[in-house]
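Side chains are part of it too, since the values below use all heavy atoms of this structure and drop only hydrogens, waters and symmetry mates.
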Amino acid sequence: MLRKGKRTSFFKPSPSDRAARPATGSEPFADVLMEERIASVEPLIKKWATNSSSTSGYAGATFLFHEGRHEAALYLSHVKDLHSAMMRCTGEVSNSGVIVRAHELLQTAVRRLSLEFHQILSSHLPYPDHAESFSSQSSRSSTLLSFSDFQYELEGKLSTKKSTAEPVMQEEERVLNAAVSYVKTIADCMIACGYGKECMDIYKIVRRSVVDEELYHLGFERPIDSWQMQKMDWKVLEAKVKSWLKAVKPAVQTLFYVERMLCDRVFTTAPALVKESVFSHVARDAAVALFGFAEGAAKAIERSPERIFCLLDLYEAIANLWPGIKATFYYHATSAVRSHAINSLSKLGEAVRVTLSNFEAVIQKDSSKKSAVPSGGIDPLTVNVMNYLVLLADYGGVLKDILVKWPVDGSPKHPGFPDSYFPGCDPATSITVGVSDASAKFARFAQLVDVLLCKLDVKAKRYKDVALYYLILANNLQYIVNKVAQSSLKHLLGEHWVANHESMVKLYASNYERTGWSKVFASSSGPSVEISLGQAKESLRKFDAALEEVQAKQVGWAVTDRKLRDDIVLSLAEELVPAYRRLYDGCPRGDPVVKFTPDDLDNYLAGMLRATGGGSVTVSEAASRSSRAEGGER
């Protein structure tokens, strides 16, 4: 493990030191001093040398820093004293055998310290549940960074009681704190004795292995090449992504963070470049592999709409952890980790943008030749698109970053759409109206709904019935508005957007009333002055015929939103019922031309346009059934 031979790091004593050491008798003073120092430290060093074992065989071994804490402090003191004596006496000792014995004894001690160092680094540095608990110990542990303070701490543990003012530490924290202190003092001793390279080599090998093992326990395995990821079955790749998502947060916030803190604390006195090199060797490759997986996933995940959430989860995880990544891997030697994290965000962001473009194309290319709901209700395309957008809106914070540099044309006619698609789309139906108050970052959402409504416009016009056309637009836009108002989409598009499109719903509903009930309105209109019996009867016949025609045409039509339906019914009733009552009052009761009362009309209107089939029975039939029921009760 250690090199043999004379160390080159010993300092030669100054002329004044040599002059201050007179010889006694026939043996030089340096020889006597060296022999005395060897005699004083050799028993303890040799004692623990007999217990040495290989670093791979810890089972059943006895360790100095575990079994004898007070003796450990004494051992370190002896090693430092021996090395100090060798430094003072180099060049002064006349008996070369003495310096050889001293050097061999020092190597024996360092081998023991290397074994202890390896064992503690491997077995006694558990990761705390919260990284901040490790960090919070820094101030207290800073008092243990010198050998003398370490010795005082060990001796203090043997005292009867500690001050009650000292905070009581949890067992895990106490073990961790003591272990770090032991590692720190061993490292200081080895470096001071000229064995810094050996110390750091042990540290790098052990902690690198620990990092790899911890990542494995977190559920992350070193990934295969990205081209192999692209050939994976989706279920296999999805499972790997889920495992990565569970592993990346504790890896960044605890594993890598604690490793950097540990490295900084163990090698406090080392130059910054040394600490940088050590930490880079321990954590860089594992972190590069971790974020390299996200890069590979960005290439491998299919750009289909349903895969976008996997891409967003990966992006969100890295984006949220980016401050911690920068803080932990701030060294120049670990810049590759930062680069891979940034590249991952870039590739994932581009993948999300491409996927959104593909989703837009899916809406555009909807192949159904007519609306799936001839009743004028909600088209399945509307349901699917809005459910998708609602889920996307939950990633608003992430999408804000991804979409910020993706410009959107504010007009209904967007680049990339064939001209044949838009002529059928009335500009009045453009959903981008009112988006000015929303952040431009989220205009892409407005554009997607714009494309949806344009598609609905084309599908609705295939029915050739203008009233049904407006009813479809009113129903579907009301559904869209409700989805926006009741989800995170409202925060992305803004309240002004919602208010504007609620007004558009009212406009479509008004157009439905105007075009669908025009003949009924015409038959009920007339001079407000008193009319003759003949005029009243003729108007009633026209009104009844027009109403039955509307009823026959609109059987099965429905308004799915209760408030919208109530608003339409109220608007119709406010105009039709008073006009019909005027005609009704102009005819004698029992006249065959009078088939129903104003109340019957009001009740019929209240039951129409229901998804359950309201309006399938004419107002005359409903009135007749009501009369028979009343007669039966009597």
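- Proximity of a side-chain donor or acceptor of T382 to a complementary backbone N or O of I378 within less than 3.5 Å is not detected.
- Residues passing the salt bridge (charged side-chain N to carboxylate O under 4.0 Å, His left out) test with D212, sequence neighbours excluded: R222.
- Across C263 and V278, no two heavy atoms sit closer than the pair SG-CG1, 3.8 Å.
- Nearest approach of G556 to S375, heavy atoms of both residues: O-CB, 3.1 Å.
- Ring planes of F329 and F279: tilted class, angle from 30 to 60°.
- F445 places a side-chain heavy atom less than 4.5 Å from the side chain of L403.
- Between L547 and L601, some side-chain heavy-atom pair lies under the 4.5 Å cut-off.
- Applying the side chain to side chain donor-acceptor pair (under 3.5 Å) test to R338 and every residue at least two apart in sequence or in another chain returns nothing.
- Taken to the nearest 0.5 Å, the OG atom of S503 stands 10.0 Å off from the CG atom of L477.
- Between the T334 side chain and the Y331 main chain, a donor and an acceptor come within less than 3.5 Å of each other.
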- request: Evaluate the side chain to side chain contact (heavy atoms under 4.5 Å, CB included) criterion for residues V337 and T328: first the C-alpha distance (whole Å), next the side-chain angles of each, then the deciding distance (0.1 Å), finally the verdict.
  value: CA-CA 10 Å; V337 177; T328 299; over 6 Å; no

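- Minimum interatomic distance between A558 and L471 (heavy atoms only, all atoms of both residues): O-CD2, 4.0 Å.
- A donor-acceptor pair under 3.5 Å links the side-chain atoms of T355 to the main chain of A351, judged by distance alone.
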F521 vs L572, side chain to side chain contact (heavy atoms under 4.5 Å, CB included): CA-CA, chis, key distance, verdict: CA-CA 9 Å; F521 291 147; L572 291 172; 3.7 Å; yes

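- Using a 30° and 60° split on the angle between ring planes, F543 and Y580 fall in the tilted class, from 30° to 60°.
- Checking side-chain atoms of T254 against main-chain N and O of A251 turns up no donor-acceptor pair under 3.5 Å.
- Identified under the salt bridge (Lys or Arg N to Asp or Glu O under 4.0 Å) test for residues 272-297, with sequence neighbours left out: R208-D285, E295-K347.
- Expressed to the nearest 0.5 Å, how far CD of Q554 lies from CG of L609 amounts to 6.5 Å.
- The neighbour count for K506 NZ, taken as heavy atoms of other residues, nucleotides or ligands under 6.0 Å away, does not exceed 12.
- The closest donor-acceptor contact from the side chain of S487 to the backbone of K483 lies under 3.5 Å.
- To the nearest 0.5 Å, the span separating OH on Y203 from NE2 on H281 amounts to 11.5 Å.
- Ion pairing between D366 and K459 holds under the 4.0 Å rule for side-chain N and carboxylate O.
- The closest side-chain heavy-atom distance from I568 to L564 is below 4.5 Å.
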Side-chain donor-acceptor contacts of residues 308-323 below 3.5 Å, not counting sequence neighbours, with atom names and distances?
from: D313; atom 1: OD1; to: Y395; atom 2: OH; distance (Å): 2.7
from: N320; atom 1: ND2; to: E316; atom 2: O; distance (Å): 3.3

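- L468 places a side-chain heavy atom less than 4.5 Å from the side chain of I472.
- Residues passing the side chain to side chain contact (heavy atoms under 4.5 Å, CB included) test with K563 are D561, D567, sequence neighbours excluded.
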Residue pair L356, L392: steps toward the side chain to side chain contact (heavy atoms under 4.5 Å, CB included) verdict: CA-CA 10 Å; L356 283 176; L392 280 181; 3.7 Å; yes

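- In this structure, the salt bridge (charged side-chain N to carboxylate O under 4.0 Å, His left out) partners of K519, at least two apart in sequence or on a different chain, are E549.
- Under the ring-ring contact (aromatic ring centres under 6.0 Å, His included) criterion, the residue pairs touching residues 346-365 are F359-Y388, with sequence neighbours excluded.
- In this structure, N476 contributes its side chain and L456 its backbone to no donor-acceptor pair below 3.5 Å.
- From K365, atom NZ reaches atom CD of E360 across 11.0 Å, with rounding to the nearest 0.5 Å.
- The side chain to side chain contact (heavy atoms under 4.5 Å, CB included) check on Q228 picks up I224, D225, with sequence neighbours excluded.
- Ring orientation note: the planes of W244 and F291 are nearly perpendicular, at an angle over 60° on the 30°/60° scale.
- By the salt bridge (charged side-chain N to carboxylate O under 4.0 Å, His left out) test, E350 pairs with R353, sequence neighbours left out.
- With a 4.5 Å cut-off on side-chain heavy atoms, V180 and L262 count as touching.
- With sequence neighbours excluded, no residue satisfies side chain to side chain contact (heavy atoms under 4.5 Å, CB included) with N384.
- With a 4.5 Å cut-off on side-chain heavy atoms, K240 and M232 count as touching.
- Contact record, A573 with D602: CB-OD1, 3.9 Å, taken as the closest heavy-atom pair.
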- request: Decide yes or no on ring pair (Phe, Tyr, Trp, His ring centres under 6.0 Å) for Y512 and Y469, but give the supporting numbers first.
  value: CA-CA 8 Å; Y512 156 73; Y469 163 79; over 10 Å; no

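- Proximity of S209 to I205: side-chain heavy atoms (C-beta onward) are nowhere separated by under 4.5 Å.
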task: Decide side chain to side chain contact (heavy atoms under 4.5 Å, CB included) for L507 and Y470; before the verdict, give the C-alpha distance in whole Å, the side-chain angles of both, and the deciding distance to 0.1 Å.
output: CA-CA 9 Å; L507 175 62; Y470 282 118; over 6 Å; no

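- The environment of OH in Y216 is sparse: at most 12 heavy-atom neighbours from other residues, nucleotides or ligands sit within 6.0 Å.
- For D394, the salt bridge (charged side-chain N to carboxylate O under 4.0 Å, His left out) criterion is met by no residue, not counting sequence neighbours.
- For the pair F256 and L290, the minimum side-chain heavy-atom distance is below 4.5 Å.
- Checking side-chain atoms of K455 against main-chain N and O of I363 turns up no donor-acceptor pair under 3.5 Å.
- When every heavy atom of A474 is checked against every heavy atom of V505, the shortest pair comes out as O-CG1, 4.0 Å.
- Expressed to the nearest 0.5 Å, how far CD of E575 lies from CD of E513 amounts to 8.5 Å.
- Partners of S277 under the side chain to side chain contact (heavy atoms under 4.5 Å, CB included) rule, at least two apart in sequence or in another chain, do not exist in this structure.
- Nearest heavy atom pair, residue S243 against residue G219, reads CB-O, 3.5 Å.
- Note that NE2 of H496 and NE2 of H501 are 9.5 Å apart. Values are rounded to the nearest 0.5 Å.
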